[in-house]
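Written out below as structure tokens is the structure these notes cover.
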Amino acid sequence: MSFISSAAAGASPILASLLRPSTIVVRSKSKVIQSSSPLLYRNMATQKPKVFVTRPDVPKPAMDLLRERCDVTTWGEERPVPRDYFLKNVSGVDGIFCLVTDRIDAEVLDAAGPQLKVVGTMSVGVDHVDIGAVKSRNIRLGYTPNVLTDATAETTVIVLLSASRRVFEARDELMSGRWGRARGDRLTDAEFVDFDTLCKESDFIICTAALTPDTKEIFNARAFSLMKPNAVFVNSSRGGTVEQDALIKALKTGQIFAAGLDVMTPEPLPVGHELTKLKNCAVLPHIGSATIQARMAMAMLTTRNILAALDGKPMPESLN
Ligand code: DGY
């Protein structure tokens with residue numbers, strides 16, 4: 001039996017950061033046999049920090065880098081991890097690698113346990129994370145701004161043009177033999193104005209705002225009532241910024257000309273949802289950042305955020 005204190009010389013930065021000043025690991029050969037705190041269950045000779053990854057299809061180079069330094073557990077199916085599986089398997093981890101589809105709240109953080117040091121979300125949006133709950137537990141929060149800007153801008157333009165030229169409607173006509181002539185509008189210049197002026201005067205209104213208490217359903221019945229009948233509304237941020245029933249009504253009644261949505265509520269949108277039936281609404285399945293380059297950059301940044309936090313170093317992109 002040997003006793004190893006946290007002051008053990010030569011411990012790697014990650015291992016060192018895992019150990020509190022008073023930490024003592026009690027072990028026999030390579031097997032931990034006794035401990036008085038969760039952190040003491042670590043076998044310093046072999047144990048790496050544990051990270052739970054909520055999807056199996058994260059770009060491989062990012063997973064390879066994470067695995068070099070961490071003991072990685074991954075949800076096995078290419079769909080969001082079920083809540084009960086997540087809560088069960090996050091127990092005892094040092095880091096969580098998650099996506100926008102995973103709600104990170106007090107329940108998850110408590111299920112993980114007090115040793116949890118970092119949550120790295122592979123997204124620029126963080127509305128799925130209870131930031132207060134993360135901060136109050138002194139957990140670091142990494143995210144991925146900038147690296148997806150070009151990809152999401154392209155998607156925004158795709159839905160904007162698809163909506164304004166009613167491309168989806170034209171394609172439906174082509175496919176069904178009702179070949180017609182799609183109506184369309186043209187892009188104009190832009191300038192900074194207040195919200196009401198924006199709604200009243202714009203031909204194209206593009207929502208790219210983060211979802212916060214201030215922006216929740218900011219595009220509501222009142223906002224749509226201010227818009228011009230030829231207005232094209234585009235949303236590539238979060239469905240929660242829109243009062244969706246009011247949007248549907250505005251589209252049905254011709255209060256606005258068309259909408260292009262990469263995001264909506266809920267996601268995924270149920271098959272046959274009213275939004276998908278509106279001829280003047282171009283809907284995409286939240287593919288804003290879905291280019292190989294952007295997703296690779298996001299995954300690598302998330303891994304680097306997690307590794308930096310585990311090393312006790314500044315994270316490349318963090319919110320705390
Ligand atoms: C993000 O990262 O927040 C985007 O919505 C993903 O497409």
Side-chain angles (χ1 to χ4, degrees), residues 53-59 61-63 66 75 78-81 86 95-105 108 118-131 133-134 140-163 205-219 233-242 244 247 259-269 275 282-306 309 315-320:
V53 182
T54 61
R55 289 219 37 140
D57 47 359
V58 169
M63 285 301 97
L66 197 61
W75 161 240
E78 290 184 10
R79 62 183 174 102
V81 59
F86 190 17
I96 299 174
F97 185 124
C98 67
L99 283 84
V100 288
T101 38
D102 310 309
R103 190 157 41 86
I104 306 295
D105 55 13
V108 167
V118 55
V119 172
T121 181
M122 194 179 127
S123 64
V124 61
V126 289
D127 48 289
H128 56 298
V129 180
D130 181 340
I131 294 177
V134 168
R140 311 289 309 282
L141 177 60
Y143 72 138
T144 64
N146 305 320
V147 293
L148 71 172
T149 305
D150 288 354
T152 47
E154 279 169 19
T155 306
T156 303
V157 172
I158 289 168
V159 282
L160 187 151
L161 291 175
S162 302
I205 299 160
I206 304 172
C207 176
T208 57
L211 176 60
T212 67
D214 287 339
T215 60
K216 189 169 165 41
E217 299 196 349
I218 189 171
F219 289 100
F233 174 74
V234 171
N235 190 5
S236 56
S237 64
R238 287 292 182 270
T241 57
V242 175
Q244 198 159 276
L247 172 63
L261 309 176
D262 186 41
V263 292
M264 66 288 308
T265 308
E267 290 180 17
L269 200 61
L275 276 179
V283 189
L284 290 180
H286 199 154
I287 56 164
S289 63
T291 66
I292 289 170
Q293 293 87 341
R295 289 281 165 86
M296 181 68 76
M298 292 164 78
M300 290 302 285
L301 183 51
T302 306
T303 289
R304 291 199 177 103
N305 280 336
I306 290 172
M315 301 163 85
E317 295 287 356
S318 71
L319 283 163
N320 63 354

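In this chain, numbering begins with 1 at the start of the sequence shown. Indexing begins at 1, ligand by ligand and atom by atom, following the structure's order.
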Original post:
For atom 4 (C) of ligand 1, what is the nearest protein heavy atom, given as residue, atom name and distance?
Top reply: H286 NE2, 3.8 Å

Original post:
Between N320 and S318, do the side chains contain an N or O donor and an N or O acceptor separated by less than 3.5 Å?
Top reply: no

Original post:
What residue and atom, counting heavy atoms only, is the protein's closest point to atom 2 (O) of ligand 1, and at what distance?
Top reply: V124 N, 2.7 Å

Subject >> From CE (M63) to CZ (F97), nearest 0.5 Å >> reply: 4.0 Å

Original post:
Under the criterion side chain to side chain donor-acceptor pair (under 3.5 Å), which of T215, N235, T265 is the partner of T241?
Top reply: N235

Subject >> Which segment of T144 sits under 4.0 Å of ligand 1 when only heavy atoms are counted >> reply: neither

**OP:** Say whether T54 and D102, considering side chains only, have a donor N or O and an acceptor N or O under 3.5 Å apart.
**Re:** yes

Original post:
Just which atoms of ligand 1 are under 4.0 Å from any heavy atom in G125?
Top reply: 1 (C), 2 (O), 3 (O)

**OP:** Taking only heavy atoms of M298 into account, list the atoms of ligand 1 that are under 4.0 Å away from them.
**Re:** 2 (O)

**OP:** State, without any angle test, whether H128 and T101 hold a side-chain donor-acceptor pair at a distance under 3.5 Å.
**Re:** no

Original post:
To the nearest 0.5 Å, what is the distance between OG1 (T208) and CG (D262)?
Top reply: 12.5 Å

Original post:
Would you say ligand 1 has an N or O under 3.5 Å from any N or O of T152?
Top reply: no

Subject >> For S289, the ligand 1 atoms whose distance to one of its heavy atoms is below 4.0 Å >> reply: 6 (C), 7 (O)

